[in-house]
Amino acid sequence: MKIAVLGTGSVGQFIASKLVKLGHDVMMGSRTENNPKAQAWLSTQGANASIGNFNNAASYAEVFFLCVKGEHTITALQTVDPVNLTGKVLIDVTNPIAPGSTEIFHLLPELTNQNSLSEELQKNFKDLKVVKSLNTVWGGLMAYPGQLNNGDHSVFMSSNWDDAKVIVNNLLIQFGWREENIIDLGDITTVRGTESYIHLWVKMRR
Ligand SMILES: NC(=O)c1ccc[n+]([C@@H]2O[C@H](COP(=O)([O-])OP(=O)(O)OC[C@H]3O[C@@H](n4cnc5c(N)ncnc54)[C@H](OP(=O)(O)O)[C@@H]3O)[C@@H](O)[C@H]2O)c1
């Protein structure tokens, strides 16, 4: 499958590398076509990997992972021609962490409680099939769930789009998540819970 990964940080790299390993054709997208982190990643990959800007990556793939800083998700997608978003599946792994918060995370207040980052994405990009998943674990575990408890732990999924959930479920199983541990929470408003969960899991990790 042709899959794009928007984001060059550790999460984007874990996910993009795992997808390449699984045999998918993968384009890593960023703000510029010659992002140094994307170029460094590309140099470690085989022929089915490529890089481009956000618009190149979105146009390349039917399915893409969103792995940029939470505060910049909407502006990143605004650089994409809407035609390249229509009907596509966006797997949103981001969290709405406020800029400058480090040890104790603060979430962006406008994206919490009665709203969430994924809901805001779905409102802004109505033809995009937003599915929230994987944001409740460390980036390495997203792509390699077997590193904890032999892979026997839970991951969540939220979306208004049932057909997109089937695609995401299949990719999660390819990553190594067990079918019985993939919990479909329901529609996109259920993301309010999983985005807030960061307060708990970052403490449990230590
Ligand atoms: N790290 C984890 O274990 C973890 C776990 C769960 C969820 N998440 C979420 O996953 C996402 C990625 O996390 P991360 O740790 O890999 O890295 P990050 O530092 O949160 O984000 C790095 C990415 O954001 C991009 N970015 C920065 N400023 C931007 C802007 N103004 N416009 C567009 N893109 C911009 C960077 O692009 P450049 O290359 O151009 O700088 C880079 O691709 C975040 O939303 C995070 O909350 C992370």
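For ligands, and for the atoms within them, numbers begin at 1 and follow the listed sequence.
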Tell me: protein heavy atom nearest atom 38 (P) of ligand 1, and distance?
R31 NH2, 3.4 Å

D187-N160 side chain donor-acceptor pair, cut-off 3.5 Å
no

Suppose I only count heavy atoms of G7 and a 4.0 Å limit; which atoms of ligand 1 are within that range?
43 (O)

Does either side chain, that of T8 or that of W41, offer a donor lying less than 3.5 Å from an acceptor on the other one?
no

Just let me know how Q13 lines up against ligand 1, side chain, backbone, both or neither, with a heavy-atom cut-off below 4.0 Å.
neither

Could you tell me whether the side chain of L171 reaches within less than 4.5 Å of the side chain of H24, counting heavy atoms only?
yes

Hey, can you tell me if F14 and W138 have their rings parallel, tilted or perpendicular (30° and 60° cut-offs)?
perpendicular

Side chain, backbone, both or neither: which part of T94 has a heavy atom under 4.0 Å from ligand 1?
both

Nearest neighbour in protein (non-hydrogen) for atom 3 (O) of ligand 1:
G139 N, 2.9 Å

Decide yes or no for V93 and L66: does some side-chain heavy atom of the first lie under 4.5 Å from some side-chain heavy atom of the second?
no

For ligand 1, is there an N or O atom under 3.5 Å from any N or O atom of S10?
yes

For atom 28 (N) of ligand 1, which protein heavy atom lies nearest, and how many Å away is it?
H72 CD2, 3.2 Å

Please identify each residue that fulfils side chain to side chain donor-acceptor pair (under 3.5 Å) with N84, with sequence neighbours left out.
N55

With the side chain counted from C-beta on, respond yes when E195 and S118 share a heavy-atom pair under 4.5 Å apart, and no when they do not.
yes

Given T8, T73, T79, V5, which has its nearest heavy atom closest to atom 36 (C) of ligand 1?
T8

Show the atoms of ligand 1 that are less than 4.0 angstrom away from any heavy atom in K37.
38 (P), 39 (O), 41 (O)

In the protein, which heavy atom is nearest to atom 47 (O) of ligand 1, and how far is it?
N95 N, 3.4 Å

Quick check: N135 and ligand 1, any N/O pair under 3.5 Å apart?
no

Residue set satisfying side-chain contact (heavy atoms from CB on, under 4.5 Å) with E120, at least two apart, ordered chain then number -> I74, L111, N115, K123, N124

Tell me which protein heavy atom sits closest to atom 44 (C) of ligand 1, plus the residue, atom name and distance to 0.1 Å.
V68 O, 3.3 Å

Quick one about E119 and S116 (side-chain donor to acceptor, distance below 3.5 Å, no hydrogens or angles considered), yes or no?
yes

Closest to atom 12 (C) of ligand 1 among protein heavy atoms sits C67 O, 3.2 Å

Going by the atom numbers of ligand 1, which of them fall below 4.0 Å from some non-hydrogen atom of V93?
7 (C), 8 (N), 9 (C), 10 (O)

Answer with yes or no whether L66 contacts ligand 1, where contact means a heavy atom under 4.0 Å from a ligand atom.
no

Within-4.5 Å side-chain heavy-atom neighbours: V68 and F54:
yes

For atom 16 (O) of ligand 1, which protein heavy atom lies nearest, and how many Å away is it?
V11 N, 2.9 Å

Does any non-hydrogen side-chain atom of V191 lie less than 4.5 Å from one of F156?
no

Could you check I15 against M142 for side-chain contact (heavy atoms from CB on, under 4.5 Å), going step by step and ending with a plain yes or no?
CA-CA 7 Å; I15 290 178; M142 294 180 189; 4.0 Å; yes

Closest non-hydrogen protein atom to atom 17 (O) of ligand 1, residue and atom name please, with distance?
G9 CA, 4.2 Å

Shortest heavy-atom approach to atom 21 (O) of ligand 1 - which of M28, K69, M142:
K69

The option among V137, L141, T136, L134 carrying the non-hydrogen atom nearest to atom 6 (C) of ligand 1 is V137

Against ligand 1, does T75 come closer than 4.0 Å with any heavy atom?
no

